Amino acid sequence: MKPPLAPALYGLMAEFGSSTDLVVATRAAYAAGYRKMDAYSPFPIEEASDALGFYKTRVPLIVLAGGLFGGLGMYGLQYWINCISYPLNIGGRPWHSWPAFIVPTFEMTVLFGGLAGVFGMFALNGLPMPHHPVFNVDRFSAVTRDKFFLVIEAADPKFDLVQTDEFMQSLKPLSISEVPH
Amino acid sequence: MRQGPEEKTLLQDVPWPNEPPVMLPGQTYDTVTDTIADAVLKRPIGMGWLGGFLIAGFFVMVLLISATYLFIRGVGIFGIMIPVAWGFCIINFVWWIGIGHAGTLISAILLLLKQSWRNSINRFAEAMTLFAVACAGMFPVLHLGRPWLAYWLFPYPSSMGVWPQFRSPLVWDVFAVSTYATISAVFWYVGLVPDLATMREKAKHPLTRTLYGILALGWRGSARHWKRYESVYLLLAGLATPLVLSVHTVVSFDFAIAIIPGWHTTIFPPYFVAGAIYSGFAMVLVLAIPIRKYYHLEALITMRHLQNSAKIMLATGLIVAYGYFFETFIGMYAGTTYERFMLQNRWHGTYAPLYWMLILCNIALPQLLWIPKLRRNIAFLFLISLDILVGMWLERFVIIITSLSRDFLPSSWGIYVPTRWDWAVLLGTVGFFSACMYLFIRIMPSISIFEMRTLLPEAEVREEVIAQ
């Protein structure tokens, strides 16, 4: 069996000149029932992700898990080394000299928490992804400079080329482009 | 990063009549992006850059030659001996790692404290941290005697069945410094990713476009991505803040846990951390003053940044002065002969001139920073920063060498004299650090572009407009 052909259109892209316009448009699109969409901006805009209904990320949980793994793992390693694998009497200190084990434990908590957070963030974001349909639109390169974009995906159940186009016109964008795959 | 809705953008926020703004007026998304990115992409390589880079490169060669000779002959080429077994290598290690601390303070602690003025200096301060830690990291390895066995410091299941000694601060140091280096590098790179995307779109040459494109990981500024990005950036700042305080604390444990007079004191951790930030801000000014001048970044790195750095230097300098005072006080108050002798020896012994130079450089001269007129004088700030860097290096010399050369038994006393190889390695790392900075300012945007955009008034989402 042949795989189904990919739809030719990824979505519709509207371009805006300011962060306020982008937030207004995103809220309107959400209110109109669109869900499979994304806002693009040259710098973080908290209101934009809120307008998409994207309030919570799992990043803090990943950092917590990484930190716990690093800390408990390091403490466990030191305990195992000093009490089980190769106990050594150093200046009459107890084998389980826990105050001395705190420093490496703390450092590994930070290391694993930080690395888990960064790799987790990139993984959740699906990066590295060298190509994405939005890059097919030439005007989109301004997203790293001074322009703001709202993309409604063709995969959205409410998406209809004509109606969505009309809806986007009502948002008064600087331009509307079709985003090919 | 972004400010809350209750705060004004920094362009409007000028707390005192004479206080310079964080950004000169008239900046837009375009000017911010172009000023920073064109310094890398458009500006031709000038004779000044090339000359400076070649001089730095010469000292990198000096470092390589010294390291090669060291690996052939062993640590005997240095001035170290018994009882002074810790010489320049450890002094330089502590000095360099301290310099790195200001970068993390700016990027993490000032972020948590919502000091948004930091946005124009955090990028190159983080780069400074990275290169300073790289210089610092070399020294313990060069000092090992058998540097090819450096991996013995890490706990791995070796065929010998032995493990590192986790009760030793020297092993703690391995964990603290390697974690610090890794987290600093990651923090720096994460901060760079959105700007690398800007560079990717701005670069004309296909090769540079591709290289920036690879490094940017396909960043496209999605709101969901930004949300996770901001979240991890803040968490990294939260993790880096105790980390940076822990690093110099652990470095000070290397001394404080030993029983040598002059080392065995509880004031060491806070006073080492303050000293680290002191020297780090001095290095920030030494770098920022020429960079803003030669790359015409005066609109983005304003007098506000220079003055704020000067104030932080003054404050941390006073903490350091308090540390010196308390060392002296405890030395006399403790009532042990050895501690009292250590003080006498610092004041009148062989290395006394260095101690008094240290007091002059670190305590006396920086008091000039109280004068507002001098804080506005760029040439003075540059000179006082160099003075503080020298002073902080002397501090480590005085602590390490004076105490080791005169310990408990007069029969084991000795005098340490650095050899030409000691100096060669020190100058070599200065060259390495400078060469890295020269490359950095030509390859990467030296100011965070996207964070500067958030400071612009037009970046604000105007809820009052939406409500209408």
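Throughout, a chain's letter reflects where its sequence line sits, starting with A, and its residues are numbered from 1. What you see is a predicted model; the values in this text were computed from it and never measured.
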Max heavy-atom pair count under 4.5 Å with chain A, selected residue of [options]:
options	result
B:Arg453, B:Arg220, B:Glu201	B:Arg220
B:Pro169, B:Ala176, B:Ala37, B:Ala240	B:Ala176
B:Ser246, B:Pro194, B:Gly238	B:Ser246
B:Val174, B:Val171, B:Leu235, B:Val193	B:Leu235
B:Met199, B:Arg224, B:Gln165	B:Arg224
B:Asp34, B:Val247, B:Val250	B:Asp34

Can you tell me which portion of [X] sits under 4.5 Å from chain B's heavy atoms? Options are side chain, backbone, both or neither.
X	answer
A:Trp98	neither
A:Asp50	side chain
A:Arg58	neither
A:Ile62	neither
A:Ser141	both

Quick check for you: among [options], which has the greatest number of heavy-atom pairs under 4.5 Å with chain B?
options	answer
A:Arg93, A:Arg145, A:Met108, A:Met129	A:Arg145
A:Val134, A:Val143, A:Val24, A:Ile90	A:Ile90
A:Val151, A:Leu22, A:Val110, A:Val63	A:Val110
A:Ser18, A:Pro99, A:Pro60	A:Pro60
A:Pro130, A:Gly120, A:Ser97, A:Ala51	A:Ser97

Please state whether the side chain, the backbone, both or neither of [X] comes within less than 4.5 Å of a heavy atom of chain A.
X	answer
B:Leu243	both
B:Pro242	both
B:Val186	side chain
B:Ser222	both
B:Val162	both

Does the [X] side chain pair with the main chain of [Y], one donor and one acceptor, at a distance under 3.5 Å?
X	Y	result
B:Lys227	A:Tyr55	yes
B:His248	B:Ala276	no
A:Asn82	A:Gln78	yes

(request) Determine whether the aromatic ring centres of B:Tyr151 and B:Tyr156 lie less than 6.0 Å apart. (result)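 Distance test on ring centres: under 6.0 Å, yes.
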(message) Aromatic contact between B:Phe187 and B:Tyr233, with the criterion being ring centroids under 6.0 Å apart: yes or no?
(response)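 Yes, they do, as the ring centres are separated by less than 6.0 Å.
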Name the orientation class of the two ring planes belonging to [X] and [Y] (parallel below 30°, tilted from 30 to 60°, perpendicular beyond 60°).
X	Y	result
A:His181	A:Tyr10	perpendicular
B:Trp172	B:Phe253	perpendicular
B:Trp219	B:Trp226	perpendicular
A:His96	A:Tyr79	perpendicular
B:Trp163	A:Trp80	perpendicular

(message) Using the rule given for ring pair (Phe, Tyr, Trp, His ring centres under 6.0 Å), can you reason through B:Tyr229 versus B:Phe450, listing the C-alpha separation, both sets of side-chain angles and the distance that settles it, and then say yes or no?
(response) CA-CA 13 Å; B:Tyr229 180 92; B:Phe450 86 91; 5.8 Å; yes
(request) Answer yes when B:Lys202 and B:Asp195 have at least one side-chain N-carboxylate O distance shorter than 4.0 Å, and no when they do not. (result)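 Judged by the 4.0 Å cut-off on N to carboxylate O distance, B:Lys202 and B:Asp195 do not form a salt bridge.
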(request) Determine the sole option in A:Phe43, A:Phe140, A:Phe16 for which the ring pair (Phe, Tyr, Trp, His ring centres under 6.0 Å) test with A:Phe148 is passed. (result)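 By the ring pair (Phe, Tyr, Trp, His ring centres under 6.0 Å) criterion, A:Phe148 pairs with just one of A:Phe43, A:Phe140, A:Phe16: A:Phe43.
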